[in-house]
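Below you'll find the structure, written out as C-alpha cells, and then a few comments.
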2 protein chains.
Amino acid sequence: MGATKTEFYTAAQNEIALIAKALGHPARIAIIEYLLKVDTCICGDIVNELPLAQPTISQHLKELKNCGIIKGNIEGTAICYCIDEKVLTHFIAYFSTAANTLQQKKCC
Amino acid sequence: MGATKTEFYTAAQNEIALIAKALGHPARIAIIEYLLKVDTCICGDIVNELPLAQPTISQHLKELKNCGIIKGNIEGTAICYCIDEKVLTHFIAYFSTAANTLQQKKCC
DNA sequence: CTTATTTATTGCAATATTACGATTAAATAA
DNA sequence: TTATTTAATCGTAATATTGCAATAAATAAG
C-alpha cells in the first residue's frame, strides 16, 4: 500500500494528474513564474532566485521536464529552460472543458 | 528536512500549488470527472465507481474540499458534492494568463 | 430507543516526496 | 592538459501521501 493505483485510471486521467502533480509545489510554480518573467530563458539563476539549493532546483526542474511542461535546450555551458506551450495549452483546455460542462448544470 | 518551505513563497503561489496538488492524483481527477458526468450530484456512489475503499475516497474528497475545488452540502443522510466553479475558474485564469504571457515571447 | 445507512476519523504499513551535502559529468576557457 | 563553470546524480534523513481495516459519528427509519 501507499502507491497510487495508476493502472485503474485512463491514460488521459493519469496524464492530467501528472501535470497537475508537477505544478503542485510552490517552488515549481515559482520556477514557472520565473521562466515567464525573464526575457532570455538562460536560467541557471533560478538557483539565485529561490531559497533552495542547486540539487533541489535541479530535481524540481526534472519533474517539470518529466511531465513535459518545460523543456531544456543545451546552450553552451548553460541550459535554456522553456515552458512548452503545447502542454500548457492542453492542460488549460482540459479544465476549460470541465468548466464549460459545469456551467450547463448549476447543481448545488 | 523533507517538508516544503511554504513560507518562502507568495500566497498566490502557495494557493495555486495547493489546488494543483489536489488535482495531482488520478483518483481525484476521476472524482472530478464523475461529478461532471452525473446529473444529480448526490454522490456516495463515487465509491462504487472507483476501485478504492470508502475511507480512501473520503480522504480524497477531503483533500479536494481543503483546496476549495469542491464543496459538500449535507442532504439528509447523504452528502451532495459539487465543483466550486469560482475556484476552478480562478485556477484556469492563472494558467491562461501564463499562456498569454508566453505567446508574446517565443524564446526556445 | 434501536437499527440501518452514509460518511468521517483513527491507526498503521507501504511508498513517495522534499531537501541538501557530496560527488560526478559535461562543456568551455585558459 | 588543467581549471572553471554549470547542471545532474547519489545517498540519506525528514516528512508527506496513499490505501485500507476497524471504528466512530450522524442522521433516518421503524
Side-chain angles (χ1 to χ4, degrees), chain A residues 1-9 13-14 17-31 34-35 38 40-67 70-82 108, chain B residues 1-9 13-14 17-31 34-35 40-67 70-82:
Chain A
M1 301 136 201
T4 302
K5 292 177 160 183
T6 323
E7 64 276 15
F8 288 117
Y9 310 102
Q13 287 170 340
N14 280 314
L18 222 76
I19 299 170
K21 191 176 186 179
L23 295 168
H25 192 291
R28 293 194 288 264
I29 291 291
I31 288 173
Y34 185 76
L35 290 179
V38 168
T40 67
C41 45
I42 295 129
C43 306
D45 24 34
I46 297 170
V47 178
N48 298 321
E49 278 283 306
L50 300 189
L52 294 172
Q54 180 268 319
T56 309
I57 299 287
S58 192
Q59 208 173 297
H60 282 308
L61 286 169
K62 192 180 174 182
E63 276 178 72
L64 289 170
K65 254 186 295 177
N66 274 349
C67 82
I70 70 168
K71 41 188 175 172
N73 295 52
I74 297 165
E75 198 135 305
T77 170
I79 291 182
C80 171
Y81 282 108
C82 277
C108 299
Chain B
M1 300 133 203
T4 300
K5 292 177 160 182
T6 322
E7 65 275 17
F8 288 118
Y9 308 102
Q13 286 170 341
N14 279 314
L18 222 77
I19 300 170
K21 191 177 185 176
L23 295 168
H25 193 290
R28 295 195 285 265
I29 291 291
I31 289 174
Y34 184 77
L35 290 179
T40 68
C41 45
I42 296 129
C43 306
D45 25 34
I46 296 170
V47 178
N48 298 321
E49 276 283 306
L50 299 189
L52 293 171
Q54 181 269 320
T56 308
I57 299 287
S58 191
Q59 207 172 299
H60 282 308
L61 286 169
K62 193 179 175 184
E63 277 179 72
L64 288 169
K65 253 187 294 179
N66 274 350
C67 83
I70 69 168
K71 42 188 176 173
N73 295 50
I74 297 164
E75 200 136 306
T77 171
I79 291 181
C80 172
Y81 282 108
C82 278

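Here is the naming used below: chain letters follow the sequence lines, and residue numbers restart at 1 for every chain. Side-chain atoms are counted along with the backbone in the values below, which use heavy atoms only and exclude waters and symmetry mates.
Straight-line distance from the CD1 atom of A:Ile79 to the C1' atom of D:dT5: 12 Å, rounded to whole Å. Protein atom CD1 of B:Ile46 is 13 Å distant from nucleotide atom C1' of C:dT6, rounded to whole Å. Whole-Å rounding puts the A:Tyr81 OH to D:dA7 C1' distance at 7 Å. One interatomic measurement links the two molecules: CG of A:Leu52 to C1' of C:dG21, which rounds to 14 Å at whole-angstrom precision. Rounded to whole Å, the distance from CD on B:Gln54 to C1' on D:dT23 is 11 Å. Rounded to an integer number of Å, the gap from CG of A:Asn73 to C1' of D:dA7 is 15 Å. As rounded to whole Å, 14 Å separates atom P of C:dT7 from atom CG of B:Leu50. Look at CZ on B:Phe8: it is 17 Å from P on C:dT18, rounded to the nearest Å.
At the heavy-atom level, B:Glu63 lies under 4.0 Å from the strands shown only through sugar-phosphate atoms.
With sequence neighbours excluded, the residues forming a side chain to side chain contact (heavy atoms under 4.5 Å, CB included) with B:Lys65 are B:Ile70, B:Tyr81, listed by chain and number. Not a single side chain to side chain contact (heavy atoms under 4.5 Å, CB included) links A:Leu18 to another residue, sequence neighbours left out. Among residues two or more places apart in sequence or in another chain, the side chain to side chain contact (heavy atoms under 4.5 Å, CB included) test is passed with B:Ser58 by B:Gln54. With sequence neighbours excluded, the residues that form a side chain to side chain contact (heavy atoms under 4.5 Å, CB included) with A:Ala20 are A:Phe91, B:Leu23.
Scanning residues 18-26 of chain B for heavy-atom distances under 4.0 Å to DNA chain D yields B:Lys21, B:His25.
Rounded to the nearest 0.5 Å, atoms CD1 (B:Ile19) and CG (B:Leu64) are 11.0 Å apart.
Pairs engaging residues 46-59 of chain A under the salt bridge (Lys or Arg N to Asp or Glu O under 4.0 Å) rule: A:Lys37-A:Glu49 [sequence neighbours left out].
Base pairing of C:dA30: its partner is D:dT1, meeting the Watson-Crick or G-U wobble criterion (both donor-acceptor distances under 3.5 Å).
Side-chain N/O atoms of B:Thr56 include none lying less than 4.0 angstrom from OP1 or OP2 on D:dT18. Contact between the side-chain N/O atoms of B:Lys62 and the OP1/OP2 oxygens of C:dT7 is not found at any separation under 4.0 Å. For D:dT17, neither phosphate oxygen OP1 nor OP2 lies less than 4.0 angstrom from any side-chain nitrogen or oxygen of B:His60.
The listed nucleotides are C:dT9, D:dT18, C:dA19; the one nearest the side chain of B:Thr4 is C:dA19.
Of the residues near DNA chain C, B:Pro55 and A:Pro51, the one whose nearest nucleotide (by heavy atom distance) lies more toward the 5' end is B:Pro55.
Within the 4.5 Å cutoff, no side-chain heavy atoms of A:Cys82 are placed close to those of A:Asn73.
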